[in-house]
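Report on the structure given below.
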Amino acid sequence: MFGLHKSPRQMRYVKGTLAGFGGGNVEASYLSSRNFSTHRVLKDIPEFVKIVEVGPRDGLQNKKHIVPTAVKVQLIQMLVSSGLPVVDPTSFVSPKWVPQLADAKDVMAAIRNIGGARFPTLIPNLKGFETAVAAGAKEVAIFASASESFSKSNINCSIEDSLVRYSDVSIAARKLSIPIYIVCCGCPVEGKISPSQVAYVAKELYDMGCSEISLGDTIGVGTRGTVIRMLEAVIDVVPSDKLAVHFSRHLWASSFKHTSVTPGTRRVLNTPLPTQWSERTSLER
Ligand SMILES: CC(C)(COP(=O)([O-])OP(=O)([O-])OC[C@H]1O[C@@H](n2cnc3c(N)ncnc32)[C@H](O)[C@@H]1OP(=O)([O-])[O-])[C@@H](O)C(=O)NCCC(=O)NCCSC(=O)C[C@@](C)(O)CC(=O)[O-]
């Protein structure tokens with residue numbers, strides 16, 4: 001348990017069942033951890049773990065059938081009731097691109113006053129930012145890619161254009177907390193993404209004032225080895241306490257089973273509800 005490695009006062013721990021992860025929880029996974037400190041990023045374990053549940057947005061954005069707004073709201077309420085401190089509720093993206101989340105305003109209106117959790121919502125540009133804030137969002141997340149092809153297929157612009165776009169958002173959002181997502185381990189079009197490329201995009205986002213940078217294994221091809229190399233490159237340029245990770249289920253499983261990339265790297269873990277990559281490909285054009 002954390003206490004084996006940290007003093008009791010350092011043991012801040014947010015406990016939550018990992019949706020879609022067979023009901024296992026983080027604490028139990030850590031108890032079975034072994035093999036610390038072979039890598040720089042594994043030298044320490046986090047003081048606490050924050051779970052960000054992204055299911056209502058990431059899980060539902062690729063579903064073939066559009067889930068009714070009331071069901072989404074109920075899902076969010078239940079996730080908050082289960083004790084999850086941060087839930088990604090929806091995204092303010094183009095309804096032509098993601099019709100599954102065209103009801104973002106209604107979802108936000110229904111959940112904005114739910115107490116006990118934060119609701120960072122995903123936005124792709126200034127228009128999304130303004131709409132989200134008008135709908136009651138108090139926190140937003142932008143999503144950049146370290147893959148040129150994925151950036152184009154996901155937000156229809158190059159990496160450099162996305163950084164300009166997000167710089168505008170960052171200026172507008174200065175008073176808000178802005179988590180960031182980056183595709184890091186692999187790209188459906190280009191394949192492997194180099195750690196230095198991830199580090200470059202992460203640093204740009206950090207420099208523009210993003211409070212948190214979540215590195216995403218978006219298509220679920222990351223391994224413990226590739227993620228460690230990527231994290232080592234990123235923590236050279238961004239403080240580790242600003243980093244989060246967003247893993248697919250298999251990476252979650254292997255990370256926690258075999259010790260994990262999370263010790264020493266970050267306090268925030270994202271956990272999407274189970275989705276199949278075959279469903280996710282619907283986002284590509
Ligand atoms: C970025 C755009 C909008 C560019 O899309 P575009 O077609 O290039 O945009 P545009 O500027 O040419 O505008 C086209 C139309 O979209 C409208 N528009 C423009 N912006 C918005 C907006 N914010 N909200 C609503 N509408 C918007 C705009 O007003 C216009 O409307 P029209 O004049 O045709 O009626 C589009 O590509 C888009 O929405 N992409 C989002 C796709 C998406 O949601 N992908 C999934 C994200 S999840 C992810 O990336 C991974 C993550 C985060 O989960 C982490 C992980 O899994 O690892």
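Just so you know, these numbers use all the heavy atoms, side chains as well, and skip hydrogens, waters and symmetry mates. Whatever order the structure lists them in is the order used to number ligands and atoms, beginning at 1.
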Taking 4.0 angstrom as the limit and counting only heavy atoms of [X], give me the atoms of ligand 1 inside it, by number and element.
X: Phe92; value: 22 (C), 23 (N), 24 (N)
X: Ile155; value: 1 (C), 4 (C), 37 (O)
X: Arg165; value: 1 (C)
X: Gly128; value: 23 (N)
X: Asp58; value: 54 (O), 57 (O)
X: Lys96; value: 32 (P), 34 (O), 35 (O)

Requested in this report: Please verify whether a non-hydrogen atom of Cys157 lies at under 4.0 Å from ligand 1.
Outcome: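 Flag not set, Cys157 not near ligand 1.
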Query - 4.0 Å heavy-atom contact, Thr131 with ligand 1 - result: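 Heavy atoms of Thr131 never come under 4.0 Å of ligand 1.
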Query - Flag for Ser170-Ser167: side-chain donor and acceptor within less than 3.5 Å - result: no
Query - Donor + acceptor pair across side chains of Asp106, Thr69 (<3.5 Å) - result: no
Query raised in the report: Got a donor-acceptor contact below 3.5 angstrom from the Gln197 side chain to the Ala146 backbone?
Result: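 Present.
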Under a 4.0 Å heavy-atom limit, does [X] contact ligand 1 with its side chain, its backbone, both, or neither?
X: Asn125; answer: side chain
X: Thr218; answer: both
X: Pro95; answer: side chain
X: Pro124; answer: side chain
X: Val93; answer: both

**Report entry** Short N or O distance, Gln61 and ligand 1, threshold 3.5 Å exclusive
**Finding:** no
Report task. Say whether Ile114 and Val71 are linked into one hydrophobic cluster, either directly or through other cluster members, by side-chain heavy-atom distances under 4.5 angstrom. Result -> yes
